[in-house]
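Encoded as structure tokens, the structure appears first; notes follow it.
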Amino acid sequence: MPELPEVEVLVRHLAPALANRKIEGIEIKRSRIIAPTSVVEFSRRLRGAAFTQLARRGKYLLFEMKQPDGKTFPLVGHLGMTGRMYVSPRNAPLPKHAAAVFNLGAENFVFEDTRYFGRLTLDTSAIDALGPEPLGDGFTIEYFSQALQRSTQPIKVKLLDQQLVAGIGNIYASEALFRAGISPRLAARRLKLPQIERLWQALRETLSSAIKRGSTIRVDYSGAVLRDGLFYFGTAAEVEKFYEKRLQVYDRAGKPCVRCGSAVKRIVQGARSTFYCPKCQCG
DNA sequence: CACCATGTTCCTTG
DNA sequence: CCAAGGAACATGGT
């Protein structure tokens, strides 16, 4: 379920549910998701520890753990393509693709991941390589402009570079370029300053409005309820209402552009789909 | 059967 | 050495 907004919404949901909960036991069902940490080391460090703080960095979740002696250490999570994390009653059945289960006493903290691309590990090295937070103070127009000048890659591909800016994924890269009216094929270094400013603004608006929307829907990550096809859960009516106006171009190939009515196109860049309106995004 | 999928890493090629 | 492109990872949906 991953891109910055969905991770942010998840973090806000999980933080109060996990705060001060102690880990009584751990079950690792797929060791690849804790790599490069070993199962033995993972269990040794975490059994008896408690969750304290929870934060987000790019698409990563940063759990602060506290040992009985008061020392703290970080636990790093990533949802990959299909990961979900939630707290559910201990007697609830575990999902088919449960990757890790933490016994919190009356409840379990479950990390479920169909494709097992996600991570829940003690290795924090991935965090160090991340660029600035797009919604934070470090992501200035000056920084963005300088960084883009050094790249010949198409702007859509460059936006997925987590060292440029952290948290943009395949969906919101297309969405932000649509909002800014910029062609995804334009080489990064070819963007003019007005375009860079528009894109900078579009990125921040796209992400923050997605966070806002995600925060308004009733989210039940644990329930065996409907999902919206990607990230969220709720009743049929809730999901339909939520889904309706969520994305403006992504996955809309052949459908009319919401702004001008011409057909949305799908192209492949860097082996991944890009969606755009050839008429609104000709710059 | 074919192709597609929210992400990251590793390998090859130029 | 660097950038770019692609495959791999693993499972499911259409």
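Lettering follows sequence order; numbering is per chain, from 1. Heavy-atom basis, side chains included; hydrogens, waters and symmetry copies ignored.
For DNA chain B, if you chain together Watson-Crick or G-U pairs that step i with j, i+1 with j-1 and so on, the runs of at least three with distances under 3.5 Å are B:2-5 with C:11-14, B:7-14 with C:2-9.
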Under 3.5 Å between N/O atoms: give me all the protein pairs with nucleotides 3-7 of chain C, atom names plus distance.
residue, atom, partner, partner atom, Å
C/dA4, OP1, A/Thr152, OG1, 2.3

Sub-3.5 Å pairs of nitrogen or oxygen atoms, protein against nucleotides 10-14 of chain C:
residue, atom, partner, partner atom, Å
C/dA10, O4', A/Arg115, O, 3.3
C/dA10, N1, A/Arg115, NE, 3.2
C/dA10, N1, A/Arg115, NH2, 2.5
C/dA10, N3, A/Arg115, NE, 3.1
C/dT11, OP1, A/Arg30, NH1, 3.3
C/dT11, OP1, A/Arg30, NH2, 2.4
C/dT11, O3', A/His97, NE2, 3.0
C/dG12, OP1, A/Lys96, NZ, 2.9
C/dG12, OP1, A/His97, NE2, 2.5

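Between the C1' atom of B/dT6 and the CD atom of A/Glu112 lies a distance of 15 Å, rounded to the nearest Å. Here B/dA5 presents its P atom at 8 Å from CZ of A/Arg272, a figure rounded to the nearest Å. To the nearest angstrom, P of B/dG7 lies 8 Å from OH of A/Tyr250. Distance CD (A/Gln269) to P (B/dC4): 15 Å, rounded to an integer number of Å. Separating the CG atom of A/Leu61 from the C1' atom of B/dT8 is a distance of 16 Å, rounded to the nearest angstrom. Regarding A/Arg266, its CZ atom lies at a distance of 12 Å from the P atom of B/dC3, rounded to whole Å. Between A/Ile33 atom CD1 and B/dG7 atom P there is a gap of 19 Å when expressed in whole angstrom units.
For the pair A/His78 and B/dT8, the criterion of a side-chain N or O lying under 4.0 Å from OP1 or OP2 is met. An OP1 or OP2 oxygen of B/dG7 is reached within less than 4.0 angstrom by a side-chain nitrogen or oxygen of A/Lys59.
A distance-only check finds a donor-acceptor pair linking the side chain of A/Gln162 to the backbone of A/Leu160 [under 3.5 Å]. Checked by atom type and distance alone, the side chain of A/Glu3 never pairs as donor or acceptor with a backbone atom of A/Gly167 at under 3.5 Å.
Comment: A/Glu112 does not engage A/Lys96 in a salt bridge, judged by the lack of any side-chain N to carboxylate O separation of less than 4.0 angstrom. A/Lys66 has no carboxylate O lying under 4.0 Å from a charged side-chain N of A/Glu64, or vice versa, which leaves the two without a salt bridge. A/Glu175 has no carboxylate O lying under 4.0 Å from a charged side-chain N of A/Arg179, or vice versa, which leaves the two without a salt bridge. A salt bridge is absent between A/Glu107 and A/Arg90: the closest approach of a Lys/Arg side-chain nitrogen to an acidic carboxylate oxygen does not fall below 4.0 angstrom. Under the 4.0 Å criterion applied to side-chain N and carboxylate O atoms, A/Arg47 and A/Glu24 are not assigned as salt-bridge partners.
Side chains of A/Arg185 and A/Tyr276: a donor-acceptor N/O pair is present below 3.5 angstrom, by distance only.
C/dG6 and B/dC4 have their P atoms separated by 13 Å, with the value rounded to a whole Å. Comparing the C1' positions of C/dA4 and B/dT6 gives a spacing of 23 Å, expressed to the nearest Å. When the P atom is used for both C/dG13 and B/dT8, the distance is 23 Å, rounded to whole Å.
For the pairing with A/Leu148, the side-chain contact (heavy atoms from CB on, under 4.5 Å) check across A/Lys158, A/Arg189, A/Gln195, A/Gln153 returns one residue only, A/Lys158.
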Item to complete: Please assess A/Leu122 against A/Val76 for the test side chain to side chain contact (heavy atoms under 4.5 Å, CB included), listing each intermediate value before the final yes or no.
Response: CA-CA 6 Å; A/Leu122 297 173; A/Val76 172; over 6 Å; no
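Heavy-atom neighbours of A/Arg21 CZ from other residues, nucleotides or ligands within 6.0 Å: above the threshold of 12.
Aromatic pair A/Phe51/A/Phe109: ring centres closer than 6.0 Å.
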